[in-house]
A.B. asks: 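Please find one structure pasted underneath; my questions will follow.
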Amino acid sequence: MLSRHVSHRHQNASRRENQVRYARSGPRASQACQACASAKARCDNGVQCKRCTRRRITCIRQHPVLGSSIETDLPQDDRSQLPVYLSPAVSDSRNSPTRASFGEFPLIPGTQMAIASQTSASDPSDETSIPPTQWDFSTMHNLFDFGSDIDFLRNEPGDNLHASITHFLAKEPELMSSTTSIVSKLNGSASDIVFDAFQQSVGRWTPKRHHYRAVQEHHLSLGRMVPSKLDCLGACDLQVFTEVLPPSIRDQILSLIVRSCENDDFMNAISAFPTVEILDRLLKSFFTQHASLTDSWIHIPTFQIPNARLELLIACIAGAAVMSPSRPVQNFGLAIQEFLVFQLWSMSEKSNDLIRDLQFLQAVALHVEIALWSGVKRKMEWARSFLNILINSIRGGNHFRRTSYSNPFPDPDDESEVLEAKWKQWVQEESFKRLVYHAYVHCSQESIFTSGTTPISYSELSLPLPQARKLWFAKSSQEWKDIYLKLEGTSQSRPPCLPDLLADPRASKGLSPTYDIHLSQISVLYAVSSMIRRYRQDKSVFSAKGHSDTRVNVLSDEAQLQQILHILTEIKSNYETEEHPYSTELNLIHGLLTMHLFAPFDQMESAAGREGQIEAQRTYPILKQWTQTDHARQAVWHASQVVRAARMLPPDYLLRFYAVAAYHASLCLWIYGVFSPETTGFTSMDHNNVVVLDDEESIKSQRWINQNRGFPVISNGGDGLLNGDTVQIRSTQTLIHTLLQSVLSRFSEKSSLLVQNIIILMRAIGNICQNAEGEGDNGGG
């Protein structure tokens with residue numbers, strides 16, 4: 001009897017346990033939540049199933065799970081809309097009466113009462129009893145993790161927190177299904193072509209046995225390929241540089257090449273080496289182009305060929321050749337640059353003090369510039385190595401610091417030898433100063449191009465700002481004195497530096513005319529690019545670890561974002577209110593940086609296929625969610641402004657980095673067109689609903705950015721490519737075709753390898769959706 005009694009109790013206990021388990025688990029596996037059912041995955045039937053918890057999506061069921069007490073406190077119509085894991089958690093012994101919780105998230109005082117008033121009938125008196133000193137901010141994890149398009153830092157009238165959360169979470173299943181359609185849309189046969197195009201243009205270099213200097217030797221035979229006219233050597237202004245290259249310099253260059261050649265048949269190339277007239281024309285073309293640069297850093301008025309280092313002369317000739325519109329001339333420049341590298345290495349090994357010599361460092365800087373923008377991956381990778389040598393040499397010479405500059409200026413009584421000595425000292429210091437700022441701009445552009453980190457920090461640049469271009473191009477000491485006294489007759493006790501302008505961007509408005517205001521503003525913009533890169537890196541790191549949604553990180557990101565936006569806004573207001581002659585160039589850089597501030601560009605390149613198809617698919621949900629935010633529309637607006645500025649710049653300004661900027665802006669527009677949802681707010685696309693993004697800022701554009709109301713388009717550049725005047729952003733293939741024809745076709749070095757690789761890449765990207773969209777040429781608005 002006793003054994004039957006014990007057995008009976010065990011059976012009852014087992015039956016009760018099964019009933020409790022069934023009550024907690026709700027429907028059977030065949031009645032799984034919507035997310036698991038759509039994915040055909042196994043559901044554990046929990047109140048918030050483990051799969052949905054792990055993927056951080058809404059766990060919604062057609063049959064309510066037993067044990068959810070929040071359903072009894074809500075109206076019947078609201079029960080199917082409220083996500084299950086937002087139900088009030090059951091208090092345990094550790095919870096005090098003053099610490100209510102909302103699901104698994106602790107609540108900020110003040111937020112709890114607003115939510116509780118809509119979801120339960122709990123007594124609000126508990127909330128009012130919490131003193132401010134007892135608020136526990138350290139445990140508020142994931143409080144704001146409801147999507148970047150919901151800004152909890154704004155408390156505007158009429159905001160309904162519960163409705164916003166419910167609306168966002170209700171969109172998650174639709175988000176996942178639309179992402180799946182994008183996967184099938186972008187997995188066409190063009191993906192391999194895009195991957196190869198990325199590897200050819202901005203991909204990593206794979207060293208091979210035949211990648212060495214000697215393979216370039218056959219390009220030295222330029223003399224047989226240059227036509228009788230010298231127009232293919234580039235523009236030349238004989239007023240900029242008047243000296244003539246002597247034949248002895250050609251003999252020295254030729255002797256250096258002969259000693260460095262490795263192939264047995266190098267005599268065939270040497271026999272057709274360019275004549276002294278061609279080298280002289282290339283040298284003049286270099287200085288003509290160099291004088292037009294914003295950051296000109298070689299002092300042309302005092303440059304004398306007999307006193308110049310041979311390495312610097314070779315670098316100048318190579319620099320002009322690679323900018324030529326002729327491919328054979330470009331190849332000659334790249335070939336002679338290979339021998340320049342060998343010479344720089346050899347000379348620095350024999351005499352280490354050369355790393356403090358101005359002209360030697362200028363030759364290294366020219367080599368780095370030629371190699372980075374060559375489009376040859378081996379040269380581009382080696383350029384970054386030489387860049388570190390250049391930066392460390394300048395830094396080791398203490399040229400980043402204010403103490404290395406005495407800032408000489410002419411007095412009204414200075415004459416003859418005294419004035420000449422001051423001018424030469426000023427030229428020496430200003431040359432080093434401008435070399436530093438050129439290196440900083442170059443490092444910033446290289447960082448944007450390669451998605452890397454710049455080796456120079458803006459905080460260490462305490463050297464004075466560069467002085468005015470009129471002073472820099474003065475042809476004599478007397479002209480230098482007259483210009484200086486006309487601009488400002490007295491010196492300043494403490495010349496401003498780059499960190500001063502970064503801390504107070506308005507200070508650039510009050511700069512003395514003796515300073516190069518344009519170069520100073522560009523330097524500040526590129527300093528902001530370092531801040532943007534660090535901001536994006538921080539967000540990427542913490543997002544990957546799942547810690548980006550804590551309250552501390554949310555507030556920190558918002559503060560960092562607002563600081564960067566403040567600096568960008570102040571800089572833009574400075575040059576817009578003064579009718580700046582270089583405002584178009586500044587607008588292009590400003591638009592590019594602001595686009596990068598709001599856009600996850602690394603994920604964009606991955607989605608386009610830079611790292612392959614598998615890695616691309618991992619970014620689709622991130623970009624799909626990003627396109628639904630106002631940050632995405634901000635990025636697209638500024639990308640369109642980059643396109644607008646690139647169309648307005650003269651062809652002579654469209655060089656090197658600006659081709660990269662056009663590619664970045666085009667990719668941002670394409671990504672948004674592929675991943676963005678349908679435009680809301682209007683049912684038909686008429687003239688009143690169209691928002692031309694590459695136009696002046698207007699109420700329409702602001703309404704689209706803030707409310708996503710309207711049809712975003714860009715103009716076709718007036719080239720007559722399309723039947724209409726505009727192209728829809730969502731017509732991705734036509735969009736890329738328009739950008740290629742109206743933007744990149746204008747580049748003065750469009751025959752260069754870098755620009756050609758970018759064009760090939762953009763064409764490959766534009767063809768990804770060709771079969772899926774079936775849009776042909778019907779993308780005009």
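Nothing fancy with the numbering, it's 1 onward along the sequence. Reckoned from all heavy atoms, side chains included, excluding hydrogens, waters and symmetry mates.
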A.B. asks: Ser666 vs Val743, test: side-chain contact (heavy atoms from CB on, under 4.5 Å). Steps then yes/no.
C.D. replies: CA-CA 10 Å; Ser666 301; Val743 180; over 6 Å; no
A.B. asks: Between atom OG1 of Thr594 and atom CD of Gln641, what is the distance when rounded to the nearest 0.5 Å?
C.D. replies: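 Between Thr594 OG1 and Gln641 CD, I get 10.0 Å after rounding to 0.5 Å.
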A.B. asks: Nearest 0.5 Å, what's the CD1-CD1 distance between Ile736 and Ile759?
C.D. replies: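 Here the rounded value is 12.0 Å.
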A.B. asks: Counting only N and O atoms by type, is there a donor-acceptor contact under 3.5 Å from the side chain of Ser296 to the main-chain atoms of Leu293?
C.D. replies: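 No; zero donor-acceptor contacts below 3.5 Å.
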A.B. asks: Trp345 and Phe386: aromatic ring centres closer than 6.0 Å?
C.D. replies: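 Yes, the ring centres sit under 6.0 Å apart.
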A.B. asks: Do Tyr458 and Tyr526 come within less than 4.5 Å of each other through their side chains, counting heavy atoms only?
C.D. replies: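 No, every pair of side-chain atoms sits at 4.5 Å or beyond.
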A.B. asks: I'd like to know if the side chain of Ser447 and the backbone of Gly452 have a donor-acceptor N/O pair within less than 3.5 Å.
C.D. replies: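 Checking the backbone N and O of Gly452 against the side chain of Ser447, a donor-acceptor pair under 3.5 Å is found.
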A.B. asks: Report the C-alpha separation of Leu761 and Asn757 in whole Å, then their side-chain angles, then the decisive distance to 0.1 Å, and conclude whether the side-chain contact (heavy atoms from CB on, under 4.5 Å) test is met.
C.D. replies: CA-CA 6 Å; Leu761 174 60; Asn757 287 339; over 6 Å; no
A.B. asks: To the nearest 0.5 Å, tell me how far Asp280 CG sits from Lys284 NZ.
C.D. replies: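 Answer rounded to 0.5 Å: 3.5 Å.
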A.B. asks: Taking all heavy atoms of Ile729 and all of Leu669, pick out the closest pair and write down the distance.
C.D. replies: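 Closest approach of Ile729 to Leu669, heavy atoms only: CG2-O, 3.6 Å.
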A.B. asks: Can you tell me how far CD1 of Ile391 sits from OG1 of Thr454, rounded to the nearest 0.5 angstrom?
C.D. replies: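 Answer rounded to 0.5 Å: 7.5 Å.
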A.B. asks: In the structure I gave you, are the side-chain heavy atoms of Leu735 and Tyr672 within less than 4.5 Å of one another anywhere?
C.D. replies: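 In short, these two side chains do not touch, never coming nearer than 4.5 Å.
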A.B. asks: What are the two closest non-hydrogen atoms of Thr294 and His518, and how far apart are they?
C.D. replies: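 Result for this residue pair: CG2-CD2, 3.2 Å.
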A.B. asks: Is there a side-chain contact between Phe449 and Met380 (heavy atoms, below 4.5 Å)?
C.D. replies: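 Yes; the side chains approach each other to less than 4.5 Å.
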A.B. asks: Is any side-chain heavy atom of Phe273 closer than 4.5 Å to one of Ile257?
C.D. replies: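 Yes, at least one pair of side-chain atoms sits under 4.5 Å.
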A.B. asks: Which pair of heavy atoms, one from Ser374 and one from Leu334, lies closest together, and at what distance?
C.D. replies: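 Residues Ser374 and Leu334, closest heavy atoms: CB-CD2, 3.8 Å.
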A.B. asks: Taking all atoms of both residues into account, what is the closest heavy-atom pair of Pro274 and Leu279, and its distance?
C.D. replies: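 Between these two residues, the closest heavy atoms are CB-CD2, 4.1 Å.
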A.B. asks: Taking C-beta and beyond as the side chain, do Met595 and Leu592 meet within less than 4.5 Å on heavy atoms?
C.D. replies: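 Side-chain contact under 4.5 Å: yes.
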A.B. asks: Rounded to the nearest 0.5 Å, what separation is found between the NE2 atom of His438 and the CG atom of Leu519?
C.D. replies: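 If we round to the nearest 0.5 Å, His438:NE2 and Leu519:CG are 11.0 Å apart.
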A.B. asks: Side chains of Tyr437 and Ile522: closer than 4.5 Å at any heavy-atom pair?
C.D. replies: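 The answer is no, as the side chains (C-beta and beyond) never meet within the 4.5 Å cut-off.
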A.B. asks: Determine the minimum heavy-atom distance between Trp297 and Leu366, stating which atoms define it.
C.D. replies: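 Minimum heavy-atom separation between Trp297 and Leu366: CH2-CG, 3.6 Å.
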A.B. asks: Please work out whether the ring planes of His290 and Phe287 are parallel, tilted or perpendicular, with thresholds of 30° and 60°.
C.D. replies: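 Taking Phe287 first and then His290, their aromatic rings stand perpendicular (interplane angle over 60°).
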A.B. asks: With the side chain counted from C-beta on, respond yes when Asn587 and Met648 share a heavy-atom pair under 4.5 Å apart, and no when they do not.
C.D. replies: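 SC-SC contact between Asn587 and Met648 ruled out.
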A.B. asks: For the side chain of Thr627 and the backbone of Phe675, is there at least one donor-acceptor N/O pair under 3.5 Å apart?
C.D. replies: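 Yes, Thr627 side chain to Phe675 backbone: donor-acceptor pair under 3.5 Å.
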A.B. asks: Run the numbers on Ile298 and Arg434 for side-chain contact (heavy atoms from CB on, under 4.5 Å), then give the verdict.
C.D. replies: CA-CA 8 Å; Ile298 297 178; Arg434 284 181 167 265; over 6 Å; no
A.B. asks: To check you understand the geometry: which heavy-atom pair defines the closest contact between Met604 and Ala599, and what is its length?
C.D. replies: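 Scanning both residues, the minimum pair turns out to be CE-CB, 3.6 Å.
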A.B. asks: Donor-acceptor pair, distance only, cut-off 3.5 Å: does the side chain of Trp626 make one with the backbone of Phe598?
C.D. replies: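 Present.
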A.B. asks: Can you classify the ring geometry of Phe657 versus Trp373 as parallel (below 30°), tilted (30 to 60°) or perpendicular (above 60°)?
C.D. replies: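 Correct class here is perpendicular.
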A.B. asks: How long is the gap from CE on Met531 to CG on Leu597, to the nearest 0.5 Å?
C.D. replies: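 Rounded to the nearest 0.5 Å, the CE-CG separation comes to 10.0 Å.
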A.B. asks: Check whether His638 reaches the backbone of Leu593 with its side chain - one donor and one acceptor, N or O, closer than 3.5 Å.
C.D. replies: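 No, His638 side chain to Leu593 backbone: no donor-acceptor pair under 3.5 Å.
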A.B. asks: Show, in sequence, the C-alpha distance, side-chain angles and deciding distance for Arg656 and Met323, and conclude whether the side-chain contact (heavy atoms from CB on, under 4.5 Å) test is met.
C.D. replies: CA-CA 10 Å; Arg656 295 174 174 173; Met323 299 294 289; 3.1 Å; yes
A.B. asks: Let's go through Arg610 and Glu615 carefully: what are the C-alpha distance in whole Å and the side-chain angles of both, what is the deciding distance for salt bridge (charged side-chain N to carboxylate O under 4.0 Å, His left out) to 0.1 Å, and is it a yes or a no?
C.D. replies: CA-CA 9 Å; Arg610 177 169 182 169; Glu615 192 65 28; over 6 Å; no
A.B. asks: May I ask you to say whether Arg647 pairs ionically with Asp694, meaning some side-chain N is under 4.0 Å from a carboxylate O?
C.D. replies: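 Salt bridge between Arg647 and Asp694, a charged N being under 4.0 Å from a carboxylate O: yes.
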A.B. asks: Find out whether Gln733 and His737 are in side-chain contact, i.e. whether some heavy atom of one side chain is under 4.5 Å from a heavy atom of the other.
C.D. replies: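 Side chain of Gln733 against side chain of His737, heavy atoms only: no contact under 4.5 Å found.
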A.B. asks: Would you say the side-chain atoms of Thr450 and Arg384 include a donor-acceptor pair closer than 3.5 Å?
C.D. replies: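 The answer is no; no qualifying pair exists.
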